[in-house]
Amino acid sequence: QKEVEQDPGPLSVPEGAIVSLNCTYSNSAFQYFMWYRQYSRKGPELLMYTYSSGNKEDGRFTAQVDKSSKYISLFIRDSQPSDSATYLCAMSDGGNEKLTFGTGTRLTIIP
Amino acid sequence: NAGVTQTPKFRILKIGQSMTLQCTQDMNHNYMYWYRQDPGMGLKLIYYSVGAGITDKGEVPNGYNVSRSTTEDFPLRLELAAPSQTSVYFCASSYGTGGRNTIYFGEGSWLTVV
């Protein structure tokens with residue numbers, strides 16, 4: 001079993017839809033949770049960061065962490081074509097050098 | 001705002017050749033990292049550095065070497081290139097460690113070994 005599991009997609013949704021992206025993990029020591037967005041032929045960029053359990057909202061993006069279920073989610077409201085990218089979850093039990101990445105979900109928003 | 005700059009962007013190597021991927025950052029970050037990204041495998045840490053003169057192995061260090069003589073630069077050396085090193089390589093940096101310290105990535109270097 002991989003330490004972090006992420007559905008690779010691809011996922012295609014119409015513009016304006018709500019998108020749900022998910023990751024599950026097996027290491028109960030993880031306490032830092034991140035979502036990165038990666039456009040084609042570019043490096044990943046940090047989108048959301050959450051410490052421990054709970055929700056965090058930033059504009060159209062909401063990150064949720066459920067440590068009891070070892071499950072994290074990223075919701076995108078009112079999705080836009082500019083949201084088309086690969087989304088990577090990442091998590092760590094301590095330093096950045098211990099960051100474990102998911103394989104990424106490729107998302108396409110259809111105008 | 002340059003951020004993290006990697007060169008070259010694309011390179012084709014023959015089996016057994018050696019090369020160096022260059023990385024420089026202008027954010028005065030202490031921590032620097034080299035990752036590789038393979039299809040369906042996610043990002044894997046090759047080496048990292050917590051400051052000038054200090055480097056350490058990540059998850060997949062075999063076949064690579066690094067050095068950190070200055071805060072800004074963190075080159076990655078491939079010795080005796082093998083087809084298994086065909087990948088996309090990302091250099092990254094952060095001010096500190098711990099989840100609160102954002103990692104900034106370069107734009108990537110596409111390497112093919114034939």
Side-chain angles (χ1 to χ4, degrees), chain A residues 1-10 21 23-27 29-54 56 58 63 65 67 72 85-106, chain B residues 1-7 9-10 21 23 25 27 29-51 54-61 66 68 74 88-110:
Chain A
Q1 182 190 6
K2 285 184 182 177
E3 209 168 13
V4 177
E5 300 270 7
Q6 184 174 8
D7 187 338
L21 303 168
C23 286
T24 59
Y25 63 94
S26 58
N27 187 347
F30 286 149
Q31 50 183 333
Y32 301 101
F33 303 91
M34 297 130 204
W35 285 96
Y36 283 83
R37 179 175 61 196
Q38 185 175 21
Y39 290 115
S40 180
R41 299 281 188 181
K42 299 289 186 182
E45 56 178 339
L46 183 67
L47 194 58
M48 298 285 285
Y49 159 77
T50 310
Y51 172 70
S52 194
S53 282
K56 185 173 183 179
D58 184 2
V65 175
K67 289 191 73 178
I72 71 170
T86 296
Y87 290 79
L88 301 148
C89 63
M91 45 199 82
S92 171
D93 61 357
N96 285 335
E97 66 275 13
K98 300 179 184 179
L99 210 54
T100 300
F101 285 85
T103 52
T105 299
R106 199 162 125 207
Chain B
N1 295 338
V4 179
T5 303
Q6 294 179 232
T7 56
K9 184 89 172 179
F10 301 98
L21 297 175
C23 176
Q25 52 93 7
M27 296 175 281
H29 284 170
N30 294 319
Y31 286 73
M32 295 190 74
Y33 317 84
W34 273 106
Y35 289 91
R36 60 178 288 171
Q37 186 176 36
D38 301 302
M41 297 294 289
L43 284 152
K44 301 292 185 185
L45 183 64
I46 304 171
Y47 271 95
Y48 68 98
S49 168
V50 302
I54 306 169
T55 63
D56 209 345
K57 295 177 181 178
E59 189 179 354
V60 289
V66 293
R68 183 100 182 266
F74 190 41
V88 185
Y89 291 85
F90 289 99
C91 181
S93 71
S94 64
Y95 181 71
T97 189
R100 299 180 191 280
N101 288 279
T102 302
I103 298 179
Y104 295 87
F105 286 85
E107 296 212 328
S109 296
W110 275 254

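Both backbone and side-chain heavy atoms feed into the values below; hydrogens, waters and symmetry mates do not. Proteins come first, then strands; the chains are lettered A, B, ... in the order of their sequence lines, and each starts at number 1.
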Task: Heavy atoms of other groups near B/Tyr95 OH, more than 12 under 6.0 Å - done: no
Open item on the list: Tell me if the NZ atom of B/Lys9 is crowded by more than 12 foreign heavy atoms within 6.0 Å.
Closed with: yes
Task: Interface moiety of A/Gln38 toward chain B, non-hydrogen atoms closer than 4.5 Å - done: side chain
Open item on the list: Are there over 12 heavy-atom neighbours, none belonging to B/Met27, within less than 6.0 Å of that residue's CE?
Closed with: yes
Open item on the list: Using heavy-atom distances under 4.5 Å, tell me whether B/Tyr104 contacts chain A through its side chain, its backbone, both, or neither.
Closed with: neither
Task: Proximal component of B/Tyr47, with respect to chain A [non-hydrogen, under 4.5 Å] - done: neither
Task: Closest non-hydrogen atom pair between A/Lys42 and B/Trp110, with its separation - done: N-CH2, 4.4 Å
Open item on the list: Holding to side-chain hydrogen bond (donor to acceptor under 3.5 Å, both in side chains), I want the full list of residues that pass it with A/Thr24, two or more places apart in sequence or in another chain.
Closed with: none
Task: Qualifying residues under side-chain hydrogen bond (donor to acceptor under 3.5 Å, both in side chains), relative to A/Glu3, sequence neighbours excluded - done: A/Asn27
Task: Heavy-atom side-chain proximity of B/Ile103 to A/Tyr36 below 4.5 angstrom - done: yes
- [ ] Would you check if A/Leu88 and B/Gln37 make a side-chain contact, meaning some heavy-atom pair closer than 4.5 Å?
- [x] yes
Open item on the list: Counting only non-hydrogen atoms closer than 4.5 Å, does B/Leu45 touch chain A with its backbone (N, CA, C, O), its side chain (CB onward), both, or neither?
Closed with: side chain
Task: Proximal component of B/Lys44, with respect to chain A [non-hydrogen, under 4.5 Å] - done: neither
Open item on the list: Can you tell me how far apart CG (A/Leu99) and OH (B/Tyr48) are? Round to the nearest 0.5 Å.
Closed with: 12.5 Å
Task: Which of A/Gln31, A/Glu45, A/Gln6, A/Arg41 touches chain B most, by non-hydrogen pairs under 4.5 Å - done: A/Arg41
Open item on the list: So which atom in A/Pro44 and which in B/Leu43 form the shortest heavy-atom distance, rounded to 0.1 Å?
Closed with: CG-CD1, 3.9 Å
